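Everything on this sheet refers to the single structure shown next.
Since this is a predicted model, take the numbers as computed values, not measurements.
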Amino acid sequence: MEEQTSLILAFETSCDETSVAVIKNGNEILSNVVATQIKSHQRFGGVVPEVASRHHIEQITICLKKALQVAQVTYADLTGVAITYGPGLVGSLLVGITAAKAVAWAHNLPLIPVNHLAGHIYATNFVTPIQFPALALVVSGGHTELVWMPKEGEFRIIGETRDDAAGETYDKIGRVLGINYPAGPTVDQWAQSGQNTFDFPLAMVKEDNFDFSFSGLKSAFINTVHHAEQVGETLNKQDLATSFQAAVVDVLVTKSLAALQQYPAKEFILAGGVAANHGLRTALQTAVEKQGVPFVMAPLKLCGDNAAMIGAAGAMLQRHGARADMLLNADPGLEFDWEANAAR
Ligand code: KG4
Ligand code: ZN
């Protein structure tokens, strides 16, 4: 018997991107509309929550209409509505949740709650179905997590940042170098033409756990730049970027390989906005493949926040019976429901 077609309308508004997508069978993008607010936040040097919420309100119905139009589907064709309910900015999350609820209610469709990090991981589903058990490194503006997935639908965070996220660290040190928010892509570009001449600290690399810490590296970087300014010395920005990136990549690769030792995975997934980083991608792929483990990541345009990835995770979760009612609320600090999943 042919499997029934799943056609999911997905919403993502957890940070500064308003996005609505229509996803067929969890792995085919019929539309993926992304309205970015970066320009509005640039003058503040980072995302301002209240400004983000207002933009989401302005954009959400425009994105919704466009997503349906591009996909050439109507509400009657849909089989579910997937929504990011955390982690993220509470006001931003609430805009997407309210829109998703309204559509689900008005058209009598199941509402599927999706964890934003599961979405980042499931962006790889557009390349190849995930092979379990799998290990994922999710690196973004708000997160740095190693996630163990023993089987489909089960997520367990085995390591995470104790302070700043990797992307956040890029954005903060980039600001000191005079780069606009988000600084990650430019620091990455500069890092490719400099020399590793500064000896920045490799945080927690020797510790016997899979957690990360980037605040020491960030402070060392900022102190180096400020000290040079005070004594009237000019530092080479490319060399600073190369040295910083080498320290970040070293820690991420070392911890990922250590995790692979303890959690033998059939594949290793690199996900999140920082996965676009050239240095990280190449170093991690080489190191992981050297261990005989396939390395997978989403196409670059699906590494940042988007609703297509929420639709992919939503399709999987719907197959496993995940469903929310109209009481669904935003959960800014949402964690993976490992215990509940493990008990199932
Ligand atoms: O996943 P994402 O779009 O949003 C969050 O969920 O946070 O990630 C955005 C983050 C920003 O901090 C940005 O500076 C960083 O990803 N980023 C990069 C690169 N491209 C984006 N960081 C380092 N190198 C890059 N090439
Ligand atoms: Zn994200």
Side-chain angles (χ1 to χ4, degrees), residues 1-37 56 58-85 93 95-130 152-153 269 271-273 275-276 296-324:
M1 198 177 77
E2 205 183 306
E3 234 180 89
Q4 225 188 332
T5 306
S6 129
L7 201 64
I8 289 185
L9 177 70
F11 290 86
E12 157 61 43
T13 62
S14 67
C15 191
D16 59 344
E17 256 95 30
T18 316
S19 183
V20 184
V22 178
I23 304 301
K24 190 174 167 187
N25 293 333
N27 62 8
E28 195 183 325
I29 300 177
L30 300 192
S31 63
N32 184 29
V33 179
V34 184
T36 179
Q37 317 173 350
H56 287 308
E58 283 165 17
Q59 288 297 322
I60 195 84
T61 47
I62 299 170
C63 292
L64 170 59
K65 271 192 196 140
K66 199 165 166 201
L68 292 170
Q69 191 185 25
V70 173
Q72 294 191 309
V73 300
T74 66
Y75 289 117
D77 300 320
L78 301 173
T79 58
V81 181
I83 174 66
T84 305
Y85 73 113
L93 287 165
V95 178
I97 292 173
T98 308
K101 277 186 190 172
V103 173
W105 175 263
H107 301 281
N108 201 19
L109 289 162
L111 186 64
I112 312 154
V114 180
N115 180 309
H116 180 76
L117 299 184
H120 272 303
I121 294 169
Y122 268 78
T124 58
N125 219 36
F126 294 113
V127 181
T128 170
I130 298 177
E152 189 177 79
I269 298 167
V296 200
M297 61 177 283
L300 285 189
K301 66 177 189 334
L302 295 180
C303 283
D305 290 349
N306 66 85
M309 68 189 198
I310 302 304
M316 177 279 293
L317 289 165
Q318 190 175 29
R319 277 203 309 279
H320 286 265
R323 189 157 174 182

Do you know which two heavy atoms are closest between [X] and [Y], and how far apart they sit?
X	Y	value
F11	V81	CE1-CG1, 3.8 Å
A271	H120	CB-O, 3.5 Å
G314	A82	CA-CB, 4.1 Å
G26	F126	O-CE2, 4.2 Å
G119	I310	CA-CD1, 3.9 Å
A275	M297	O-CE, 3.4 Å

Hey, what do you get for [atom1] ([X]) to [atom2] ([Y]), rounding to the nearest 0.5 Å?
X	Y	atom1	atom2	result
T124	M309	OG1	CE	11.5 Å
L78	L109	CG	CG	5.5 Å
H107	L9	NE2	CG	9.5 Å
T13	Q37	OG1	CD	9.5 Å
T98	I60	OG1	CD1	9.0 Å

Do any side-chain atoms of residues 67-76 form donor-acceptor pairs under 3.5 angstrom with protein atoms, and if so which ones, sequence neighbours left out?
{"residue": "T74", "atom": "OG1", "partner": "A76", "partner atom": "N", "Å": "3.3"}
{"residue": "T74", "atom": "OG1", "partner": "D77", "partner atom": "OD2", "Å": "3.3"}

Those residues at least two apart in sequence (or on a different chain) that pass ring pair (Phe, Tyr, Trp, His ring centres under 6.0 Å) with H56 are none
Partners meeting side-chain hydrogen bond (donor to acceptor under 3.5 Å, both in side chains) with [X] (sequence neighbours left out):
X	value
N125	none
S14	E12, H116
T61	none

Heavy-atom side-chain contact between [X] and [Y] under 4.5 Å:
X	Y	value
T18	V95	no
I130	E152	no
K24	V22	no

Evaluate the side chain to side chain contact (heavy atoms under 4.5 Å, CB included) criterion for residues V20 and K66: first the C-alpha distance (whole Å), next the side-chain angles of each, then the deciding distance (0.1 Å), finally the verdict. CA-CA 8 Å; V20 184; K66 199 165 166 201; over 6 Å; no
Residues forming a side-chain contact (heavy atoms from CB on, under 4.5 Å) with [X], sequence neighbours excluded:
X	result
S6	I8, N25, T79, A315
T36	E17, I38
A21	I23, N32, A307, A308
L317	I112, V114, A322

